[in-house]
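To find a chain, count down the sequence lines: A is the first, B the second, and so on, and within it residues start at 1.
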Amino acid sequence: MNYNREIDKKWQKVWEKTGIFDVDTNDTSKPKYYCLVMFPYPSSELHAGHARNYVIGDAVARYKMMQGYNVLTPIGWDAFGLPAENQAIKHKVHPQDWTFKNIRKIKEQLNSWGIGYDWKREIATCSPGYYKWTQWLFLKLHQKGFAYRKEALVNWCPECKTVLANEQVIAGVCERCSTPVTQKKLRQWFFKITDYAEKLLNDLELLKEWPERVKIMQQNWIGKSEGVEIKFPLVCSNLAINCFTTRVDTIFGATFLALSWDYPLISQIINDAPNRIEIEGFIEKVKNQPQSSRILDNFPKEGIFTNKFAINPVTGEKIPIWIANYILTGYGTEAIMCVPASDKRDFEFAKKYNLPITQVIQSKEQRAKAHRHIGTKKQRAEGTCLPARQGGQRIENSEEVYDGEGILINSREFNGLDSSEAKEKIADYMEKEGIGKRAVNYKLRDWLISRQRYWGAPIPIIYCEVCGEVPVSESDLPVLLPQTVEFLPTGQSPLAYIEEFIKAPCPKCGRSAKRETDTCDTFVDSSWYYLRYISPGKEEAAFVSEDVNKWLPVDQYIGGVEHAILHLMYSRFINKFLYDEGLVNFNEPFRRLFTQGMITKDGAKMSKSKGNVVAPDYIIDKYGADTMRLYILFMGPPQKDAEWQDEGLSGCWRFIQRALRLLDLLKEHKEQGPREQLNGKEKELLKKIHFTIREVTRDLEGNFQFNTAISRIMELVNQIYKNLNEGYLRKEIFQNSIETVFLLLAPFTPHISEEVYEGLGRTSSVFNRAWPKFNEEFLKESETEIAVLVNGRIKDRMMVNVNWSKEEIEQMALSLDKVKRLLQANPPKKIIYVDKRIVNIVI
RNA sequence: GCCGAGGUGGCGGAAUUGGCAUACGCGUCGGUCUCAAAAACCGAUGAUCGAAAGAUCAUGCGGGUUCAACUCCCGCCCUCGGCACCA
């Protein structure tokens, strides 16, 4: 049999006609399995790099089908988003036309690769039937106070006059025109994901079957830090500045305070400053400093003295208050206590502006040095010779700054404590004295979801002069996106120029009011799509709780690691919100996650601009879908990046042809008369068959080790050929081996597997057959090979009976010629025997 | 800077978790078939020395533990990814 494109087409038609991927979600006769691939963003046709995701998903789905699960594999389109709108601006095509053109093309590709989906469940986030429910979700969040508006700093491109998403800011410049991006304060919509910071962090522990690296990335992104918020009263004022610190043990070394340019009390503080104009100039300068330069390593620290002082609450000292460019906005209290002896940044700043430096922490090494001449030897060894204060060490350059933990000095009654102990004691002291209180901070910020863009779900809010911000009533959803708009980069949503869209009656009082013209970030669309697949056409609700509770959490989620943080965190957040609302009964949406590696070509990610794209359609025409699928799965461990090589592809092609030829050989195969006993070769093949079943199943049940699974099947095929070449093979065993090969291959190469099964006279689909089971009986052996090592080096091998004792085996090893020669007359020092593996003789 | 992943033949990559390093595939070489070529099939293939038997060296580098280390421990180097002035 020869593999060709006709075989692909034939079986794709059959699958479509018989609907093997159509799922009855009410069918409870089989256990459910929800296999989900991250839905594509339809920005162009798919290349071989994209294919990996879908090929893996399909292999898993088909494997689970054969395992007897009721498998749900849906697909849809993450169809809103910026690229579509940029196309509109550049080429004057409507985002919708462009998007649906791409969808048609991708759909065709997926079908031609034999990727099976339940197409009846197809969704597109840009269709009103879907985004109606995205808007509904917004309203739910709004109702509970989780969607709110506030002034916020956003990325702004002065050239394009538009707000940019973080992803559009490449190394500090606009991705389109390379102008440095500045920050601008605008009123924006946010989702209060920070309220879930603790849950999102803690529940990572529940995700036992997620890759560790993804969990660590999320953990870092949430960035929890525990510390103390300390109150620094201002001199001659009733104001106070709160500073968050994780290093309260260094408080005695806090010699100045630094505020961000955006610190809330700043105008009050500088109100009567003699150099107020100068300060305001500085603030303006920092505010406009492009982000690109802040990314640079040695961005110079700059600041300005406010002419005000605060009191260090533990030392009672008067310390100056500065405004500095290295204090982040939006984190902590935007004010920090500076301990130049224990922080490189504070040190650099203090050196530059001649601010005092007091050492309060000594490292072990510094301590050993300092104590060389103090106390008795014993005291030094025990560390009980408490030093006087002595100002510690003189610190000259930032290399000498010690920012680790150590022993406290110059810290009054806390001297001699070690940092971790001191942290607790000082925090206790502060809480008792009312100077400060323990606090927790997160790096995670609230999720900015509004975009001044057209191609997204309109935010369902109406602004009324009388009633203020009023949510659109649920019965008026969806707020439809108007079709005819002008696409211009003005900094406002194109919707802001459409009178008919903007004008709307206030849902509360009926007066003429204005619609919100911003649209939702596309991550909002994708944060709940996995729920929609269960009842995709439902008109009365986003989803039916009873049904999603049955089908979720998703059993296997498959996608690229680039979504490790954003999409996967947002989805978890939304799911937790719905859980708290009682709308779903599962805490986490994705039980098991698999992140596949990237396929590269010439060492780089495939992209049109680099010209290194491998076009799958061409490959399929030449070699067929199964060849491409097999190669993609065989090229390396799926979670790791892999380099595309055309030679590897032809290797898979050869293998498929070689395997298919077995079917022809079987047809010509002649029995040479009946014979009771199996010969040794036949037994060997049977053993190999069952061994392969066991190993392939193990590889798939593990972490989807398709590459090794396939190499096992290749070995089996090699073994079959060996048996054919080396002598008599009864037809029954021959046929059994072929069946096994193609059953095991079926998840990877479904087309040829079906074809072979038909060729063997079977009438029903391979995917209605059970995954093969191995029989322990065939794996049992009477003899096994053991390696004989002398001093850890392999010298010989021998066959032994598995029932032999350790002593018998050791004696046999010692009797080998090669061993005797090496031993000569000397008796071995030691013999180590590892069961059924090796004998190591030490001489 | 911090966190994570990784470094194995000419190449992609295996190695049951401490037990025969280099499975499987690619490439290369030789053979069979053929007028010839392609395809296919059979065989060889880590490096060095050797006619051979065999020996020595090999899993980024340097140490260590062990009868035995790609695997464990200590110290480095390099590549890739994430975060990055987070107090």
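A close approach under 4.0 Å does not occur between any side-chain nitrogen or oxygen of Arg694(A) and OP1 or OP2 of U16(B). Taking side-chain N and O atoms only, Asn791(A) has no distance below 4.0 Å to OP1 or OP2 of A68(B). Taking side-chain N and O atoms only, Asn220(A) has no distance below 4.0 Å to OP1 or OP2 of A84(B). When the side-chain nitrogen and oxygen atoms of Arg793(A) are compared with OP1 and OP2 of G19(B), none of them lie within a distance under 4.0 Å. Distances shown here put every side-chain N or O of Arg837(A) at or beyond 4.0 Å from the OP1 or OP2 atom of G18(B). Residue Asn325(A) places no side-chain N or O under 4.0 Å from the OP1 or OP2 atom of C85(B). Proximity of Lys836(A) to the phosphate of U16(B): no side-chain N or O atom is located under 4.0 Å from OP1 or OP2.
Here the C1' atom of nucleotide A68(B) and the CD1 atom of Ile831(A) are 15 Å apart, to the nearest Å. In this entry the distance linking CD1 of Ile710(A) with C1' of G13(B) reads 13 Å, nearest Å.
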Inset, instruction - Check the pair Tyr623(A), Leu649(A) against side chain to side chain contact (heavy atoms under 4.5 Å, CB included), reporting the backbone distance first and the verdict last. - result: CA-CA 9 Å; Tyr623(A) 297 106; Leu649(A) 187 77; 3.6 Å; yes
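The partner of C41(B) is G31(B), by the rule that a Watson-Crick or G-U pair needs both atom distances under 3.5 Å. Under the Watson-Crick or G-U wobble criterion, with both distances below 3.5 Å, A69(B) has no partner in any strand shown.
Residue contacts for Arg661(A): at a heavy-atom cut-off of 4.0 Å it reaches the sugar-phosphate backbone alone, with no base atom in range.
The aromatic rings of His690(A) and Phe778(A) sit parallel, their planes meeting at an angle under 30°, below the 60° perpendicular limit.
Here the two rings, on Phe349(A) and Phe256(A), have centers that are under 6.0 Å apart.
The base of C85(B) is paired with the side chain of Lys301(A) by a donor and an acceptor separated by under 3.5 Å.
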